[in-house]
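Residue numbers begin at 1 in each chain, while the letters A, B, ... track the order of the sequences.
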Amino acid sequence: MNLDIESASLILSAFLFAVGTAGVLVRRNAIIVFMCVELMLNAVNLSLIVFSRSLGLEAQVLVFFVMAVAAAEAAVGLAIIIAIFRHYEGVDVDRFNLLRW
Amino acid sequence: MLSLPLLLQETHAAYVPILPAWILLLPLIGAVVNGFGAFIWRGNKVIPGVVGPAAVIGAFAIVVVNFLAMRGAAPHDPTIVSLWTWMAAGDLRVGVDLQFDQLSMLMLLVVTGVSSVIHVYSIGYMREDPGYSRYFAYLNLFVFFMLVLVLGANFAITFVGWEGVGLCSYLLIGFWYENREFASAGKKAFIVNRIGDFGFLVAMFLVFVHFGTLNYETVFASAPAALAYGGTVVTAITLFLFLGCTGKSAQIPLYVWLPDAMAGPTPVSALIHAATMVTAGVYLVARTSVLFAMAPVSQAVVAAVGAGTALLAATIATQQYDIKKVLAYSTVSQLGYMFVAVGIGAYTAGIFHLMTHAFFKALLFLGSGAVIHAMHHAYHEVQSHEDPNDMRNQGGLKGYMPITFATMWVGTLAISGIIPFAGFFSKDEIIWYTGAYGYGILWGIALVAALLTAGYMTRLMVMTFHGENRTGAAAEPHLHEVPAVMWIPLAILAVLSIVGGWVNIPDALPVLPAVHALHDWLHPVFEPARGILEAHGLHDAHSSPIGGGEAMWAGISTVAAAVVILLTFRALVHRTWKPAAEATDPTGLAGVLYNKWYVDELYDRVIVLPLLALWRGCWRIVDAGLIDGSINGLAAGTRAVGWIGSLFQTGRVATYMFYFVTGVLVILATFLL
Amino acid sequence: MMEAFFFLLFAVMAAGGAIMMIASRNPVSSLMYLVLAFFALSGIFVLLDAHFLAAVQVIVYAGAIMVLFLFVIMLLNLGHREDIDMRGHLARLVALVAGSALFAAVAALVLRGDESTLASEESRLAVEAMVRARGAVGALAEPLFTSYLVPFELTSLLLLVAIVGAIVLARRRAP
């Protein structure tokens with residue numbers, strides 16, 4: 001089997017994304033779920049970097065923005081988790097259905 | 001070169017209307033001033049009492065000046081005063097045009113003259129009413145619209161006035177709107193009139209379709225050439241017009257609103273529902289006499305309906321106890337006479353009776369108003385809630401109200417057709433021509449109705465003024481004559497009710513000098529219609545259907561009326577009635593008449609209730625069922641779909657992630673496959 | 001050969017770290033496995049000639065963001081084993097199937113795709129020339145400060161809003 005580094009990176013990216021997805025599906029802890037989302041973002045970053053080698057460096061700019069958004073998201077998201085923890089005395093995502101209906 | 005036309009102008013000094021717009025503007029200004037005044041000088045009894053009558057008397061003065069000018073010029077053709085173009089669309093051009101001819105001039109005199117008298121009377125009658133200013137605003141507005149109706153030079157302007165007087169009638173019938181029954185009477189008048197107005201509108205559309213214009217002059221000039229004599233079109237136009245007239249002038253089948261209209265203040269009944277507005281239908285038929293002359297079927301319908309109404313209303317009037325109801329049915333009956341006249345082609349006679357009727361019926365209504373005023377005051381003094389209108393509560397008033405008593409007897413003799421009072425000349429002329437033109441059955445009906453008229457009017461006088469007083473011991477000392485501001489109008493109208501008929505005295509009568517003033521005056525207006533009628537076989541037989549000349553039948557009818565009056569008087573003067581509160585409703589034939597032949601009940605059963613049922617059905621099935629159902633169904637469906645959709649919304653991150661993965665897999669699958 | 005070795009090493013580290021993250025019941029352990037995966041990813045970035053992003057990955061992600069996560073875990077006192085944290089067998093099966101299907105589908109697409117769908121040889125050469133001329137950071141700076149200048153500046157605004165929002169959300173309200 002003859003794989004170049006780019007194809008291999010894409011497959012790795014797909015694997016990491018799938019693992020992140022499975023993590024969101026299987027975990028209840030809000031912080032772990034959040035970490036899984038970060039993993040999925042990184043998987044996407046990896047594929048973007050692979051594409052940047054052939055399609056132009058603009059793809060790396062997108063990675064840059066993803067990181068900035070991820071940082072902002074982490075700040076706000078963790079603040080929300082803290083607020084929710086204070087209210088519910090826990091971070092079990094199954095107990096947060098405030099936005100339902 | 002210029003001398004000839006100048007000379008002609010000098011010899012035929014042309015009639016130019018003097019201040020024509022001000023005839024309309026003065027009452028309108030009065031209405032506006034009093035209308036706003038109702039909010040500004042709320043309790044003031046002086047300003048409305050000056051402004052209202054002054055506006056109408058001013059208009060009357062202008063009309064008199066115009067009348068004298070027209071009499072001097074004796075124009076053959078109408079004078080049109082165009083104020084401005086009201087609307088223009090395609091072929092339609094409707095101008096605000098006023099038509100001054102002998103017919104409208106006569107109507108102007110009657111309307112403004114009688115209105116002036118009644119306005120003065122109202123100063124006294126309405127003085128204690130809190131809506132004093134509002135009352136004069138409505139009354140002035142009515143005069144304005146009535147003058148628009150009379151002066152309109154095309155169907156549209158006449159229709160504006162027609163609707164306007166209907167509105168004022170509604171406002172004034174429901175003047176005491178706190179009383180639910182009175183407000184309903186106003187609505188009844190309005191709705192019944194709408195049916196008639198529909199006929200007027202359809203007629204107007206037909207006229208426009210066939211003539212391309214609504215101007216009277218053009219339509220009447222081109223009608224004989226444009227439409228076939230007795231054809232469908234002209235018959236349809238005139239019958240629809242007559243439907244409008246039956247509504248406005250209270251004829252069968254739409255007369256039912258007028259007796260209920262007595263809910264309004266009595267001067268209103270005198271002005272609107274006796275002297276002026278209700279004669280608008282007669283005026284309209286006379287105005288469009290050319291069209292009616294071309295439609296013999298319509299003429300027969302008009303005459304027959306008129307005669308039928310005259311008899312029906314007269315029979316009902318004999319068994320009413322409300323003094324105003326008697327007069328209301330009397331008005332319906334007299335209007336029937338007028339329609340008989342214009343229906344058979346005796347237009348001058350119809351307008352003549354319109355004029356004399358305006359005098360003596362206004363007099364009778366104002367007299368009844370005086371009686372009610374006195375009764376009301378007497379009952380008010382002793383805190384009684386008896387009905388002041390009911391004749392069973394009156395009786396013996398001649399001692400308390402001598403002037404009212406005397407003037408009302410003048411009116412009674414006038415309406416009964418006793419020589420030489422006004423009604424004799426006008427009503428006898430109608431009856432005579434009905435017979436002479438060959439309408440035998442209608443002639444008989446008219447004679448019977450005339451005798452009934454004498455009978456019910458005498459009954460009214462006896463019950464009100466003669467015999468024992470039934471007002472009640474407590475209230476009786478408080479009865480007294482009305483103030484001068486109210487009896488002076490009565491006196492003026494009494495004089496007019498005597499001399500009003502002397503403008504048209506037939507040749508045939510012995511002793512009396514023949515006078516053709518009215519006939520000559522109206523001759524130019526009715527000349528075209530009379531020409532058409534005579535060309536198609538209108539024949540004056542100069543004898544009644546069963547023989548005898550005009551002088552003989554005039555004598556017979558006046559003697560017969562006098563005999564009826566005497567017999568009725570003798571039969572009733574010693575009779576005693578129980579006061580209204582203790583009396584029972586009459587039974588038998590009298591009961592049928594008392595209940596007005598049950599026509600209101602019949603209309604209720606045949607028209608109102610089925611319509612109500614139909615609309616209720618529409619409401620239940622179409623509105624509540626179909627429309628509400630579809631909308632509620634849509635809402636329920638949306639809700640159901642939303643509920644199903646909401647089942648997917650668990651609020652759990654994992655569930656949403658699962659949907660997301662499923663979606664991604666579907667997209668990837670389309671790439672792969 | 002060397003490249004392939006390091007790629008394999010980093011790939012196994014990343015994949016293993018990711019799996020261990022979702023499998024570990026202790027949040028702190030999960031976090032450390034994720035940091036491991038991020039470090040491995042930064043290595044792969046280097047192999048892919050994205051040196052600047054590799055540095056940012058270590059500094060921002062593994063350094064800043066993950067430390068923030070760790071702070072929160074410590075703050076909320078969640079740093080111990082929680083059995084309830086993991087869903088039941090059915091959920092695990094669903095997660096396994098969904099994840100496998102997702103991976104399989106993407107991998108199949110990648111393997112099936114021929115070289116030309118990824119990039120032509122010319123554009124690859126153009127990118128390499130750009131990197132040679134400007135250096136790895138300079139080559140990235142070119143688009144970042146020209147065509148993407150406004151989004152870049154807006155990013156600063158986004159971060160400012162995020163800071164303010166985080167303070168407002170996490171502030172302890174007066175009782």
Quick one: what part of [X] sits under 4.5 Å from any heavy atom of chain C, side chain, backbone, both or neither?
| X | answer |
| --- | --- |
| A/F15 | both |
| A/D92 | neither |
| A/T21 | side chain |
| A/I31 | both |
| A/S13 | neither |
| A/V69 | both |
| A/L12 | side chain |
| A/R27 | both |
| A/E73 | neither |

Top contributor to chain A interface from C/V106, C/I167, C/L96, C/V72 [non-hydrogen pairs under 4.5 Å]: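 Option with the greatest count: C/V72.
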Residue among C/R171, C/M130, C/Q57 with most heavy-atom pairs under 4.5 Å to chain A: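 Highest number of heavy-atom pairs under 4.5 Å: C/Q57.
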Where on [X] is there a heavy atom nearer than 4.5 Å to chain A: the side chain, the backbone, both, or neither?
| X | value |
| --- | --- |
| C/L48 | both |
| C/Y148 | both |
| C/L160 | neither |
| C/S24 | backbone |
| C/L34 | side chain |
| C/I19 | both |
| C/A50 | both |
| C/T155 | side chain |
| C/F152 | both |
| C/E128 | neither |
| C/F69 | both |
| C/F71 | neither |
| C/A64 | neither |

Options A/V61, A/V93, A/I32, A/I82, ranked by heavy-atom pairs under 4.5 Å with chain C, top entry: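 Of A/V61, A/V93, A/I32, A/I82, A/V61 has the most heavy-atom pairs under 4.5 Å with chain C.
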Among the listed options A/L39, A/V91, A/N45, the residue most often paired with chain C at heavy-atom distances under 4.5 Å: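 Greatest number of close heavy-atom pairs with chain C: A/L39.
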Flag yes if more than 12 heavy atoms outside [X] fall under 6.0 Å of its [atom1] atom; otherwise flag no.
| X | atom1 | answer |
| --- | --- | --- |
| C/Y33 | OH | no |
| A/F64 | CZ | no |
| C/M86 | CE | yes |

Intermediate values then yes/no, side-chain contact (heavy atoms from CB on, under 4.5 Å), A/V44 and A/V66: CA-CA 9 Å; A/V44 173; A/V66 168; 5.6 Å; no
Note, C/F45 side chain near A/L46 side chain (heavy atom, < 4.5 Å):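 In contact.
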